[in-house]
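Notes follow once the structure below has been shown.
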Amino acid sequence: MSATEAFVAHRNLLFTVAYEMLGSAADAEDVLQETWLRWADVDLGQVRDRRAYLVRITTRLALNRLRTVKRRREAYVGPWLPEPLLTTPDVAEDVELAESVSMALMLVLETLSPTERAVFVLREVFDFGYDEIAAAVGKTPAAVRQIAHRARKHVDARRPREPVSARETRAALESFRRALETRDLQGLLDVLAPDVVLVSDGGGVKQAALRPVASAAKVVRFITGGIGRTAAKLTSAPTVVNGSPGLVLHLDGELDGVMAVRVEDGRITGLYYVRNPEKLTHVEAETALTLR
């Protein structure tokens, strides 16, 4: 297998590793470009496990970039959300895979240190061995075991309860969508959990709440005072966002944002609305292709 064939064979894995570490499809693509440039210079005759070697390059590059973007995010206007990733429907049916890229879990991963995040992603999501992870992050296997244990405890304490099926999420989302498009306030209150939290990301470019909005009444007030108040025609199209059913919202035909949800016990407990145009370029390109 040539260098190009090996890279192409593992490209999806490398992209997912980089995306889960960085929360940005654009940054993940940049890391893949750098990975390819490094990989093209490698003497393949000296490489015993090409998959592990490629993951090692990607992880180190993503770690370097993560340390830089973390400093940048400290100055971010309002809440920061991952760049939404439109995934295929079969990802939503794989509950474990869908949960690993969900907005809710990605936000929990943001609270880890860069090394903890890399170790958690490689161990818990991709089931890499401690020796392989140690080579990727530049630590001893013993140190990696400790980091993995600490990161797992941290994530388990903050992650949502057991992930629900895509079918249950779709049902709640459809009720929300109908109520949103018809401006049905009671319908919105019925589908939202009393303690629902809405996080909106405008990046200082689009209007968004500067802090998470908590409680069904406040979330409905925020929605009706924002999207609901405008005279523009609101349309929402079902899609799969970060492994779970979500919505792409348009106002008068213009892309306004992408909404992901978290559902527990049949009701929506989390709403994640990305409006920052810089995070919607991939979505805009993909939705434009589907409309042709």
Side-chain angles (χ1 to χ4, degrees), residues 19 23-26 81-95 97-99 101-104 106 163-185 187-192 196 198-203 205-209 219-220 222-263 266-292:
Y19 175 76
S24 164
L81 285 173
E83 182 179 346
L85 197 64
L86 298 190
T87 43
T88 55
D90 59 312
V91 173
E93 300 302 332
D94 184 334
V95 175
L97 181 59
E99 202 262 345
V101 293
S102 72
M103 285 279 183
M106 296 287 282
V164 300
S165 69
R167 182 181 302 172
E168 187 176 349
T169 301
R170 272 195 300 270
L173 189 67
E174 183 55 32
S175 297
F176 176 83
R177 180 190 178 206
R178 283 197 304 270
L180 184 66
E181 290 193 348
T182 58
R183 323 283 170 131
D184 178 1
L185 302 189
L188 288 171
L189 288 169
D190 289 343
V191 74
L192 298 175
V196 63
L198 179 146
V199 182
S200 55
D201 177 347
V205 180
K206 285 277 197 81
Q207 182 183 2
V219 168
V220 169
F222 176 81
I223 291 173
T224 55
I227 300 172
R229 184 182 293 174
T230 177
K233 182 183 178 183
L234 171 68
T235 56
S236 55
T239 188
V240 181
V241 183
N242 287 67
S244 297
L247 297 174
V248 176
L249 275 69
H250 288 81
L251 288 176
D252 279 346
E254 294 290 324
L255 177 63
D256 185 72
V258 173
M259 186 172 285
V261 300
R262 184 176 78 243
V263 173
R267 300 178 88 179
I268 294 173
T269 57
L271 286 163
Y272 310 95
Y273 192 30
V274 180
R275 298 190 76 201
N276 184 348
E278 292 182 4
K279 295 184 179 182
L280 298 175
T281 51
H282 283 75
V283 173
E284 196 160 27
E286 290 191 40
T287 52
L289 284 173
T290 61
L291 292 173
R292 285 181 184 174

* To do: With side-chain contact (heavy atoms from CB on, under 4.5 Å) as the test, would you mind laying out the steps for Glu181 and Ser236 before giving the verdict?
  => CA-CA 8 Å; Glu181 290 193 348; Ser236 55; 2.7 Å; yes
* Cationic N near anionic O, under 4.0 Å, Glu174 to Arg170 -> no
Nearest atoms (heavy-atom pairs only) where [X] meets [Y]:
| X | Y | value |
| --- | --- | --- |
| Val258 | Val248 | CG2-CG2, 4.4 Å |
| Glu83 | Ser24 | OE1-OG, 3.3 Å |
| Arg177 | Pro238 | NH1-CG, 3.4 Å |
| Gly202 | Ala208 | N-CB, 3.4 Å |
| Pro82 | Met106 | CG-CB, 3.5 Å |
| Pro84 | Asn242 | CA-OD1, 3.5 Å |

* Contacts of type salt bridge (Lys or Arg N to Asp or Glu O under 4.0 Å), residue Glu168, not counting sequence neighbours -> none
* **Any residue meeting salt bridge (Lys or Arg N to Asp or Glu O under 4.0 Å) with Arg267, in chain and number order, not counting sequence neighbours** => none
* side chain to side chain donor-acceptor pair (under 3.5 Å) partners of Ser175, counting only residues at least two apart -> none
* **Worked check of side-chain contact (heavy atoms from CB on, under 4.5 Å) between Val241 and Leu86** => CA-CA 5 Å; Val241 183; Leu86 298 190; 4.1 Å; yes
* To do: Go through the steps to decide whether Leu249 and Arg275 satisfy the test side-chain contact (heavy atoms from CB on, under 4.5 Å), and finish with yes or no.
  => CA-CA 10 Å; Leu249 275 69; Arg275 298 190 76 201; over 6 Å; no
Main-chain N/O of [Y] paired to [X] side chain as donor or acceptor, under 3.5 Å:
| X | Y | value |
| --- | --- | --- |
| Asp252 | Lys233 | yes |
| Ser200 | Ala209 | yes |
| Thr169 | Ser165 | yes |
| Tyr272 | Arg262 | no |

Can you tell me how far apart [atom1] ([X]) and [atom2] ([Y]) are? Round to the nearest 0.5 Å.
| X | Y | atom1 | atom2 | value |
| --- | --- | --- | --- | --- |
| Leu85 | Lys279 | CG | NZ | 13.0 Å |
| Ile223 | Arg183 | CD1 | CZ | 11.5 Å |
| Thr235 | Leu180 | OG1 | CG | 10.0 Å |
| Leu247 | Asp256 | CG | CG | 12.0 Å |

side-chain contact (heavy atoms from CB on, under 4.5 Å) involving [X] - partner list, sequence neighbours excluded:
| X | value |
| --- | --- |
| Pro277 | Val205, Lys206 |
| Asp184 | Ala179, Thr182, Gln186 |
| Leu192 | Phe176, Val196, Ala216, Val219, Val220, Ile268, Leu271 |

* **Residue pair Met103, Val274: steps toward the side-chain contact (heavy atoms from CB on, under 4.5 Å) verdict** => CA-CA 11 Å; Met103 285 279 183; Val274 180; 4.0 Å; yes
